[in-house]
Structures are given as structure tokens and as C-alpha cells.
Student: 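I'd like to ask you about the structure that follows.
Throughout, a chain's letter reflects where its sequence line sits, starting with A, and its residues are numbered from 1. Since this is a predicted model, take the numbers as computed values, not measurements.
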Amino acid sequence: MTATIERWECVKDLLHQAMQLIPERRARFLAEACSSDYALRAEVESLLLAEEDVRSSFLELADLAGGPAAEPDRTDAAAALAAGQVFAQRFQLIRKLGEGGMGQVWLAEQTSPVRRQVALKLIKAGMYDEVVRERFQSERQSLAMMDHPAIAKVFEAGATPQGQPYFAMEYVPGLPITEYCDRKKLQIGERLELFIRICEGVQHAHQRAVIHRDLKPANILVVEVDGKPMPRIIDFGLAKAVTPPIAGESLLTQLGHLVGTPGYMSPEQADPNLQDIDTRTDVYSLGVVLYVLLAGLQPFEAKQGQKQPLDELLRKLREEDPPRPSAKVGTARDTSAAAAAARGTEPRQLMSLLRGDLDWIAMKAIEKDRARRYGAPSELAADIRRYLNHEPVVARPAGAGYRLRKYTRRHRVAVVAAAGLVLLLAAFCVLQAVELRRITRERDRANRERDRATRITDFMTGMFKVSDPGEARGNSVTAREILDKASNEMGRGLAKDPEIQSQMMQSMATTYSNLGLYARAHELAKRVLDARLSLLGPDDPKTLQSMTRFGLILQHEGHEAEAEKLERQALAGERRILGPEDRLTLETMDDLATISMGRGHSDEAEKLEREVIAAEARRQAPESAQTLRSMDNLGVSLCYQARYAEAEQNYRRLLDVERRVWGPDHPGTLKAMSNLAMVILSQGRLAEAERMYREVLAAEQHVLGLEHALTASAMENLGLILTMEGRLTDGEKLLREAFEIRLRTLGPEHRDTLVSKLNVSETLFKEGRVHEAEKLQRETLKTQLHVLGAEDPDTLGSQSDLAKTLIRERHYTEAEKMARQTYEAQLRSLGPQHPETLDTLQQLGTAMAYRHRYREASKLFRDAIEKGSNAGGRGNGWSAWYAFACVAAAANHPDDALQYLREAVSRGYKDTDGLMADDDLKNLRYNPHFQELVAAVRRPPAKPQSR
Amino acid sequence: MASNHRRTHRYAGDPPGPGQFTELLHHWTRGDEAALHALIPLVYKELRRLAHYHRQSERPDHTLQSTALVHEAYLRLAGAQAVELRDRAHFIAAASWLMRQILVDYARARRASKRDGGCKVAIEDLAALPANGDAELLALDDALDELSRIDVRQAKIVEMKFFGGLSAPEISNLLGISRATVDRDWATARIWLHRQMSKGGIAA
């Protein structure tokens, strides 16, 4: 028989006494002491037998027992308690319920003033002095005042005349909540309802300034009242009531807490930096309880009940991000079947049920940074209530509702690729016409010419056929392979006429370029240019054409300075020799526009393209290939200037024409679709954009293959959308893939490759993997500084991102330095109203605010806003005020923040979902004035006038 | 931070100075539970480090080994700062619990590695502590858990004596109970634990 709790004192006592006797005397002693309690006697005897062996055991080595006791035995009052006794004159002890960390807990019957069953908690305090007594009194007051159905009532707290402190509490014969829910196989919804009631109870206590500090399932019991489950939280604030100064059992209490409940300890408690405990500590513990109710395991638990090395646990608690509940169910195969059954469902269904809002709620409650947690149990309960009512929850990351200005630079739209295929067709026509002219002119060479023409025609037709995606559709051989074959063959068959060879090489260069194979294109185009320069001289139209074409390819490859030089040279020549509205001139203007955009001069690009379109319209060719190309570019330039609504209109028109003229699977059409999707994305219509991108990506992969800039673009933008929607893992995957493609096709120093890398880092940042994000950003920045220079918009953008990351890592000094440098440069090159400039200003302001220079930061903003309005900025001007508000919110100046938000709203900001979900404004979320503002913006009649 | 007399290595990362440690200890003994929570990781780290580096004794007695470590940890953490005896005793009380965790973790890992044929092992150097006695240690750990379900104080007394090396008078002072009670608890606990451990087939 193993010793039970009640018996043990008795057993111990007898054992000890028996040990003092010689073996022969023991039997009689026991017979007397135990009388008819045979079980007791057997137990003691069994232990006495063990005594024999102990002498040689390793426990013996630790025996440092000294001589017999010299002091009188200061018996602990509590040790002498037994069932049946009356305690404090009105509690009749029934049985010992257990040995808590604090002392014994007895079930007792209160006899007066009222008859009821209570749980009597006896605090073992050997040294009991004034300080403790005082604290005890004050705690007692607040504990007695708590009156909530979810909190086990403390009826009285006092001390016996002998000085034994005690609490008489409501006896709660319930099960720990996790056990209860499992046993009753409660479904998720029912569990959540129960949980809400618990939150309400804890909230009630917080409002009376009592923090529990030790919330865990063992302290949250569930009883059934009229068949309905009701939670009861026990041990509220008791730890605090009796702790200081540590004496005797209090010491054990505290150590006991640690041993018992490491899983529920909040990260701030595990952090060696001394921090005070506040209500959010309870929120954390509640979060862990919620997590277990949902997933069946604690966040850092691998198997139920398995002990982990302590420092592992502490480290994980401090550093690692736990998996989301749905992911936990997915990975913990052993337990998920049982866990799902206990929730009335199957593992896979459980996973999908938890995925999304419930995941977010649980994770927000157990955030390591307590500023990011729910601030109070009532907030947690409110979000769960929202979930149950199918309303959007606050915990969702900023995806639904996102800020327009944040993503402009990400959208590296594929640089305009000339529609080479159409050109090919045109070249074919030209060639045919030329051939025909020759034939009619020189009749005696008719046969020979016809032969040649036939050969050319056959060859071109062959190539054309192959390059026509209409043919390639469903064909397993890609356009690229056949083009390669053709270009190799070209050396043979038609080599004789250098003129024709040049022409075809030029076309093929363009086609290669179309397929994104710039190295091959470069090779061919350069050959043509060199040949023509030497044969025809720099002023020949053909030479100029090669210049233009080669320039475009250089631009694709990222050699922008060279490209620009060449194009300008070509343009000058073309204007002079061919005239300002010649097709080639327009083509060159188009190319120049592309280059300008790459260098951040979008307004120049817009101007050029509008000229081109106008010229084409005058030539009665409003649907010419050139017009289409230029319209496409015009759209891009509008995007870069953040004029998205105009850009969308532009693209929709363009798409209509292209579908008609080229067909829906033409690479040009796909590119326009891709650009349209980007524009829609830029306006925040995520779901729509996601659909479009998936379509585009599938088509591009099929027609162009994976190793194409367009495909990479679509993949990247799709990845960005997923990231914005909060689907970080999927998003990261796609972004990394896109990055790899660019790395392979463009090399590590290409502008687009670098931007891809940054996009990956952005996702890592969102996932909280801040160090990894920083690493990538620094790498990228290093390359950009080297390749693009310090003033390049992309370089500046990276610096801005890095500053943001540094702020998150709390390296405010470095962040400020970096942000300042970047801001000044962007002011110079982009102007004060540009989205990127404002983004950087926000980082700068935030870093300064965290370094306690909020005033200074405010001044910067005011300057910027003034500058912006003076310059007659194109935008509506709300961005600056919004950014200002973010900084004010982060710096804990809510009144300022609200004022600035109102300014933003009066200038046309309407995105209320964005307001609610924006992490930068989280300090305002529960501010009633903020909520009023949001409501006001939603209601159209009350909306302030937009300018 | 290089001002004091410590001769061995620093921790990676930000090492706590002796001032912080004694301050935490002081706060804890005056009743601040949060200080304990901050203290534990510090102590744990130090104990682990020491356990790792002390390879010399191959003796099977975990007691002398661990008590020496606990005392050494104390010296390292407190540096040359004067600390009340009472505070020191508190430290040992906490450290003995930690020491137990550490030793048990080592023992478990060693046994696991033996079973798997010595493949992946999380703990750097298992030779740090004597290899025999693992089974006994684990059995003791379980038995102590059992005992604490019945009598928390008694289990703690065992822990403080066995792992921390506190003397009976010190324990009596710390817990505010009589010397006789401590002796009685220790004596009877030994027997009970031994019987408990024998049940599992582990003979001492």
C-alpha cells in the first residue's frame, strides 16, 4: 500500500519513532500504536524493511545529519491536523484534498455563520511577521470583493489566534478545463464559449487590480450547473498575498511554481531582464490555455506531458516562435488523432477549422512582445466573439486593407518587350514585297529569284509557324528550342546575302529577347550593329535601327547607362534623317521611355509615350503594334507615378485591343494582363489580383517557360499577394522561386534580381524572422551600392527597408542614421510627396520617437507636408499625414495621432479596413476616439469633405 | 566588466554582473517572486556551464559533485560581493532544484544515446559527469516526484541536502522548522525513496 496524503504524517511519525528503537522492540511498539489499523502497520513495517538496505545505498553518502536535536520541537501547527478536527472554531475538517504549493488544502464543512462546504487553504508560514500580515489584509480585501460567476469565491481569509493564516474558499469539485473538454468531447465552438467566460472572469479581477499570475488548467476548473458547464478560476492572487518575505513554505511555494508550470510561464518571466508583471502576463497564460484547448498540446510541447530540459524550454520561450495551432495539429501525428476525436472531428478537418482566424487569435495572445498581445482578457474574448459571429477579427495581419503606398517599388513590371513576333511577321511581309519587286523588275532572273524567295518564304514561314504560340500551344517542344535550331541552320542555307542575313539575325535577336534569352539576343544584335556600322555607316536607317534594337536588349540586360547612350544617339540620328514621326523614331522614343522609367523619371517616360501614341494616331494606325507597346509603357509610367486608376483604365483598353489583334495567349497580351493585375493589386483589390496572376502565371509558364522574366514577374507578384493576405509560407515559397529564376536568368547583380531578394526579405520580416531579413537586406544593399550606386531608387528603397528592420530589432540609433541618409536622398530625387519618400520618413520619425525625440520628428513631418503642398504635389496629400499619424501612435501620442488621421481623412483617405488592421496604429485600436473616427469614415453622410 | 577577479571565460552574449545577481537574490529573499523568475535562468546557465567543464572526478557520488558545483556557481555569480547568509541559503535552495534538473537531463540524454547507438545528442560533453549512476539518478528523480505529491516539504529537504549540500541547521533555518523535523524528514524520506526506487527494480 502506498502512503496516501492523509496518512503520511502519521506514517512518518511512527516510522521515525520505530527507527529509534532496537529491532526487537519495534514490533510491540507498532502493535500498540496502530492497534487495529493493519494497513498502517503493514506500511510502516514495509518501510522498516527498506531501512536495512538504505545503509549501503548511495543516498547514504549524503547523510549529513548531526546529533540529536538540541532545540525544542517547534511543531508546525498544520502538521498536527487530522480529519474530524475543528479548525478556527467553525470549520470541521473532512478530508485532505491535497498538498498545494502553498500548503495543505482541506475539504471542510463550515458550521457558522452558514453551513456549507469550503476548501480550506492553510498557509504554512513558520515566521509570520507584521509585513506579511499587512499584505495579507490588503489582499484579503480585494479578494473578498471579487464577485463573479467564473471566479471561485473567497469567503474569508484570516488567521487563527495561534497565528495560522488560512483562506476559506468555495469548494470547486470540478475538473481542470482541458480535461473536462476532452472528456466531454466538446467541439471547438463549445470550448470557445467556455473560454470566453473565463476571460470575463479574469477581466473582472483585473479591473479590481488583482492579477492571477499563475493561470493554468489546474487552476481553471469546470463544474456543471444544471447540466451546463461553468468555469471557476481558483487561487486568484493568492500567491501574491502570502509571499513576502520568504519564510519557510513560501520559499517552497515559489520554487514549486517553477517546477509545476513552466509551460505557462510567460516569456517576460523567463527573461533574465527584470521586468514587472502586468495584466498581460495573465493574457499570455490564457493564450496558452486557449492554444491547448484548440490544438491539444502546449505551444512548445512535443508530446503530452513529456518533460523537456529546462533551459531548452526557457530558450524556446524567449526566442522561438511556436507553430500555429493548425500547424501543431499537422505535425504532432501521434496526438492529433486523439486530439481531433476529443473535439468531435478528424485531424484534417480540425486543421482547416483552426487555420486562419483561430490561429491568429491564439498567436496574438501568446506573442512574446507583450505590447503585441491583446492588452486585456476582454479584448481576447471580444475577438473570439467576433470569430464566432463570422466577423473579421482584429488579430488578422494587415492583408485585408492595406496601404496603397507601401508596395509601389515592389512591382517590377516586366520591362516592355517589343512584340517581336509581330515584327517577324512584318519583316516577312517586307521581305516578300522586296522579293516581288525584284522579280517584276528583273524578269530574266525570275526563276532564280523565285527559288530564293521560296527558300526565304519557307524558312520564315517555318520559323513563324514555330514562334506562333498558337502553334506551340499543346506542343511539347518550346519555341525556344526551335529558334535555336533555326539560328544554327541559318548559317548554312541563306548565308550568301548579307543583307538578308542581317535582317533575319536582327529579327531573331528580338525574338530571343522576347523569350527573355538576353545573352543570345545580345550576341546576335551586336553582330548586326557592328556589321552595319562598318558596311553602311552610322547614318543609314538600317544602322540606326540596329542601334535602337541593340539598345533595347542592353536595357533588358540591365546595362542602362550604355543603353541610354545608344538610344539617344539613335534618336538624334533618326529625328534628323528619318523625321520625328517615322516608325523607327517612335520605336526609339518608346525604348527611351522604358529606360527613363528604370531610372525613376516616369514623367519623362509618360511624355514620350504620349507623343508616340499621338503620332501613331495621326498616322491612322491607332491599333498598330507600336501604339500597343507604347500604351503598355504609358500604363507602367502611370503606375510608377502612383496614378493607378488612370493606369487601370489604360490597361483595360489595351487588353481589349490586344486580345483582338494578337489573341489571348500572345505573350504581349499576357504581359498586359500581368500589368493590369499589378494595377489592380496596387489599388488593394487582392482577391481579384490574385485570380488574375494565377491565370497569367499558368499561361506564361506554358508559353514562355519558367526561365522568362515575365514568368518570374508573375510569380513574384503572386507571392507578394499571398504575403499581403497573410499566407506567409506560401508567399515566401513563390518569392524564393521567383528570386531563383531571376538569379539564373539575369545574374546576381541585375536590378530585378536584387528587388526579388528584397521581396523575400520582406516576407521574412513579416514572419518575424527579423535577423534573416536583415541579413538578406544587407547583402542586397551591398550589391546595389556597388552596381547601381547610392542614389539609385532601388538602393534607397533597400536602405529604407533595412531601417524598418533595424527598428524592429530595436537598433534605433543605426536605424535613424540610415533612414535619415535615405530620406535626404529621396527628397532630392523623388520629392517630398513620393510614396517611397514618405515611407522612409515614417521610419525615420519612428526611430527618432523611440529615441525620445518625438518633437524633432514632428517638425520633420511638418516640413515635408509644407514642401509637398508648395510643390503642388500630384497626390492628394493624405499619405504624409497618415505616416505622421503612425509615428505619433508609435510614440504614444494618441491625441496627435488622431488629429493627423483626421487630416488624412479630410484629404480623401477612406480605407477603414486598413486603419483597423494596420499594425503601426495598434496603439490606437482600443481608443474610443479612434473607433469613432473609423465609424464616421464608414458612414457616408458623416464623412468629411474630400478636397 | 573585466574588473573583477574571475579567471574563467565569459558567457556568449551579455553576461550578468555580480551586482545584478546579488540584487536579484536579495529581492527574491525579500519576497519578490519576479526576481526568482529572472534568477533561475542565470543560475541554470552557470550550473550547466560548470557541469560541462568539470570533468575530473569519475566518482559515482553525485552528491559531492553537485554540491561542489552549486557552491562554485554561487561564488562565480556573486563574485566578491558580500551576501547575507540567509540569501546564500536561498540560493542553494533554488540551485539544488536546478542542479537536479541538469543532472537528470544529462542522465537521460546519455541513456538515450546509448540506446540509439550514440547518434544525435544535444548535450555537448556527456563525459562531464560520471556515467555510472544514471539509472539510479533517474529513479531518484521519479521517486522524488512521487514523494512531492505526498509531502512537498519533505521532497524539497531531500533535494536541498542531496543536490545542494545544505546542512540540517541551514535547512531548518531556511524553512522555519525545527531541527528535529528536518532530521526526521530526511531520515524517513531516505527509506521511503529507497523502497520506491527498489520497486522499479533499481537496487542501490
Student: Between A:L47 and B:I191, which heavy-atom pair has the shortest distance, and what is it?
Tutor: O-CG2, 2.9 Å
Student: Which pair of non-hydrogen atoms, one from A:M19 and one from B:A187, has the smallest distance, and what is that distance?
Tutor: CE-CB, 3.8 Å
Student: How many angstroms lie between CD in A:Q17 and CZ in B:R184, if you round to the nearest 0.5 Å?
Tutor: 9.0 Å
Student: Nearest 0.5 Å, please: how far is CZ in A:R7 from CD1 in B:I150?
Tutor: 12.5 Å
